[in-house]
Amino acid sequence: MLSPTGRDKTSSRLARPLQEDDMNIGIIGAGHIGGSLTRRLTDAGHTVFIANSRGPETLADLASETGATAVTAKEAARSGEIVIVTIPQNRVPDLPHDLFEGVDLSVVVVDTGNYYPRERDGKIAAIEDGLPESQWVETQLNRPVLKAFNNINWKNLLNDGKPAGAPGRIALPVSGDDAASKAKLFKVIDDIGFDVVDVGSLAESWRQQPDTPVYGTNLDLEGVKRELSEASPVRKPEWFAV
């Protein structure tokens, strides 16, 4: 049976034996990126706990399709070895202030967000003043974050993963400050069919923000490295709030 996305609802997860390195992964946000990640991660054998702002009961179809468990945002933050926050930038301050209170620091928190001041988010002063977007998210969540999955279209994320070593395998940039956290996320990204380029620290994450050369592309390892090296930290006027 096909899902609303056109994919076979008989997930490969159902036929795949559990592996030692399968993870519990929380996802906060069930839009295009959150939904695509839920599908890809469950297909890869991981256990997903998915939350949105409207409540677990609104996620029944996605949960039924994928085998994910629909939960609240607080439950998602406490359910995974990795927690992915994938909501509009201007909604990050609306998350519970104690979202990660008591959550072990070994839990990896990933921000997939992008700042669209004119189209959606309005003015966020700290970002307008030059703070990289995901560093601002850190200040809101009071947790270290990694930046990933922000430069790829959801359709490519859902459909275009390939086995390791396949020609033309898409590479995704990842920024962050903790090597152990990165290693855990790199493994998950490989599981769902993508290579990884380590951008460097979170302070360097401006290299993968909107309107940079790598943003919205589907390049291989060498292509991503090249485009990251050509990025400029200067935000163009059209990327400031009016």
Open item on the list: For a side chain to side chain contact (heavy atoms under 4.5 Å, CB included) check, start with the C-alpha distance between Leu37 and Ile84, then their side-chain angles and the critical distance, and finish with the verdict.
Closed with: CA-CA 9 Å; Leu37 284 170; Ile84 301 169; 4.0 Å; yes
Honestly curious: do [X] and [Y] fall in one hydrophobic cluster under the side-chain, below-4.5 Å linking rule?
X      : Y      : answer
Ile28  : Ile25  : no
Leu95  : Val145 : yes
Val174 : Ile192 : yes
Val224 : Ile189 : no
Val107 : Leu185 : no

Task: Passing candidate, side chain to side chain donor-acceptor pair (under 3.5 Å) with Asn150, options Thr112, Asn114, Asp111 - done: Asn114
Between the side chains of [Y] and [X], is the shortest nitrogen-to-carboxylate-oxygen separation below 4.0 Å, so that they form an ion pair?
X      : Y      : value
Asp190 : Arg169 : yes
Arg235 : Glu128 : no
Lys187 : Asp191 : yes

- [ ] Compare all side-chain heavy atoms of Val85 with those of Ile87 and state whether any distance is below 4.5 angstrom.
- [x] yes
TODO: Evaluate the side-chain proximity of Phe149 to Leu172: yes if any heavy-atom separation is below 4.5 Å, no if none is.
DONE: yes
For [X] and [Y], which heavy atoms make the closest approach, and how far apart are they?
X      : Y      : answer
Pro144 : Val109 : O-CB, 3.7 Å
Asn24  : Ser79  : CB-O, 3.2 Å
Pro132 : Ala203 : CG-O, 3.7 Å

Looking at [atom1] of [X] and [atom2] of [Y], how far apart are the two atoms once the value is rounded to the nearest 0.5 Å?
X      : Y      : atom1 : atom2 : value
Arg54  : Leu59  : CZ    : CG    : 7.0 Å
Ser134 : Gln208 : OG    : CD    : 7.0 Å
Gln140 : Asn142 : CD    : CG    : 8.0 Å
Leu157 : Asp160 : CG    : CG    : 9.0 Å

Task: side-chain hydrogen bond (donor to acceptor under 3.5 Å, both in side chains) assessment of Asp22 paired with Thr47 - done: CA-CA 8 Å; Asp22 288 343; Thr47 299; over 6 Å; no
Could you go through residues 209-217 and list every donor-acceptor pair under 3.5 Å that involves a side-chain atom there, pairing it with any protein atom two or more places apart or in another chain?
{"unit_1": "Gln209", "atom_1": "OE1", "unit_2": "Glu133", "atom_2": "N", "d": "2.8"}
{"unit_1": "Asp211", "atom_1": "OD2", "unit_2": "Trp239", "atom_2": "NE1", "d": "3.3"}
{"unit_1": "Thr212", "atom_1": "OG1", "unit_2": "Arg207", "atom_2": "O", "d": "3.1"}
{"unit_1": "Thr212", "atom_1": "OG1", "unit_2": "Gln209", "atom_2": "O", "d": "2.6"}
{"unit_1": "Tyr215", "atom_1": "OH", "unit_2": "Tyr116", "atom_2": "OH", "d": "2.3"}
{"unit_1": "Thr217", "atom_1": "OG1", "unit_2": "Val214", "atom_2": "O", "d": "2.6"}

- [ ] Show your reasoning for whether side chain to side chain contact (heavy atoms under 4.5 Å, CB included) applies to Leu141 and Phe100.
- [x] CA-CA 7 Å; Leu141 299 181; Phe100 290 103; 4.2 Å; yes
Open item on the list: One pair to check against side chain to side chain contact (heavy atoms under 4.5 Å, CB included): Ile50 and Leu62. What are the steps and the verdict?
Closed with: CA-CA 9 Å; Ile50 178 73; Leu62 181 60; 4.1 Å; yes
Task: Arg91 atom CZ, over 12 foreign heavy atoms within 6.0 Å - done: no
TODO: Take Ile170 and Leu219 through the test side chain to side chain contact (heavy atoms under 4.5 Å, CB included) and record every step on the way to the result.
DONE: CA-CA 5 Å; Ile170 295 170; Leu219 302 171; over 6 Å; no
